[in-house]
Amino acid sequence: TTLWLDKCCILQETPETIQAGTSSFYRFLSQCDGLIAFVSPTYFGRLWCVYELACFCKMNEDNLHERLVIMSLDWDRDKWYGSAKLTPAEVDTFASFSCWKVNCSKP
């Protein structure tokens with residue numbers, strides 16, 4: 001089993017290393033058996049995160065429910081163990097998502 005953490009595995013020292021890492025998302029994600037996304041209130045506001053999640057979802061759309069886990073450190077522990085019930089605020093995060101609101105930090 002290989003663990004790839006985008007924040008740790010993509011060199012963020014220069015615009016060139018960031019570009020090389022983000023350009024390789026498809027290759028990295030295609031080698032993953034699953035994805036655990038630790039979301040925060042700002043997660044869906046960062047293009048890097050949205051792009052990575054969208055790529056993984058598209059690549060695994062036939063069995064996504066088996067390969068994707070979305071978690072938040074802000075959630076109660078019972079949500080970590082299979083509860084699919086989200087609060088109205090959490091549902092609103094997904095329902096109000098817009099690409100126009102996403103921030104991009106271009107290298």
Side-chain angles (χ1 to χ4, degrees):
T1 302
T2 300
L3 178 62
W4 176 67
L5 302 170
D6 66 354
K7 184 72 172 178
C8 300
C9 296
I10 293 181
L11 294 176
Q12 300 181 33
E13 297 170 0
T14 68
E16 292 79 20
T17 60
I18 294 171
Q19 178 65 41
T22 55
S23 295
S24 300
F25 272 164
Y26 182 84
R27 184 169 44 94
F28 295 143
L29 294 172
S30 67
Q31 297 177 32
C32 294
D33 294 324
L35 175 70
I36 301 172
F38 285 94
V39 300
S40 66
T42 61
Y43 181 87
F44 291 100
R46 294 190 307 271
L47 182 59
W48 171 310
C49 299
V50 173
Y51 178 70
E52 181 180 42
L53 185 60
C55 287
F56 187 82
C57 290
K58 182 63 177 168
M59 292 166 52
N60 295 284
E61 59 190 329
D62 292 337
N63 61 347
L64 189 60
H65 65 285
E66 298 171 0
R67 301 185 76 179
L68 175 64
V69 176
I70 296 178
M71 302 175 86
S72 172
L73 298 176
D74 296 331
W75 290 348
D76 294 329
R77 287 185 179 212
D78 42 322
K79 284 196 180 154
W80 285 35
Y81 300 105
S83 172
K85 293 182 180 181
L86 300 175
T87 67
E90 292 163 348
V91 170
D92 186 56
T93 298
F94 294 101
S96 65
F97 173 78
S98 169
C99 287
W100 297 109
K101 298 178 188 174
V102 176
N103 294 314
C104 175
S105 55
K106 185 177 178 182

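Numbers here simply count residues along the sequence, with the first being 1.
Phe56 has its side chain out of reach of Phe25: every pair of non-hydrogen atoms, C-beta onward, lies at least 4.5 Å apart. Under the 4.5 Å side-chain criterion, counting only non-hydrogen atoms from C-beta, Thr42 is not in contact with Asn103. At least one side-chain heavy atom of Phe97 sits less than 4.5 Å from a side-chain heavy atom of Val50.
Within the model, atoms CD1 of Ile36 and CG of Leu68 stand 9.5 Å from one another, a figure rounded to the nearest 0.5 Å. Expressed to the nearest 0.5 Å, how far CZ of Arg27 lies from SG of Cys32 amounts to 11.5 Å. Expressed to the nearest 0.5 Å, how far OH of Tyr26 lies from OG of Ser30 amounts to 6.0 Å.
In plain terms, the two heavy atoms of Leu29 and Glu52 that are nearest each other are CD1-O, 3.5 Å. Shortest non-hydrogen contact noted between Ser96 and Lys101 is O-NZ, 3.4 Å.
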Determine, step by step, whether Trp48 and Ile18 satisfy the side chain to side chain contact (heavy atoms under 4.5 Å, CB included) criterion, reporting the C-alpha distance in whole Å, the side-chain angles of both residues, the deciding distance to 0.1 Å, and the verdict. CA-CA 10 Å; Trp48 171 310; Ile18 294 171; 3.9 Å; yes

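In this structure, Leu64 places its CG atom where more than 12 heavy-atom neighbours from other residues, nucleotides or ligands lie under 6.0 Å away.
Partners of Glu61 by side-chain contact (heavy atoms from CB on, under 4.5 Å), not counting sequence neighbours, listed by chain and number: Lys58. With sequence neighbours left out, Phe44 forms a ring pair (Phe, Tyr, Trp, His ring centres under 6.0 Å) with Phe94. For Asn63, the side-chain contact (heavy atoms from CB on, under 4.5 Å) partners at least two apart in sequence or on another chain are Asn60, Glu66, Arg67.
Remark: side-chain polar atoms of Thr14 are paired, donor with acceptor, to backbone N or O of Thr17 under 3.5 angstrom.
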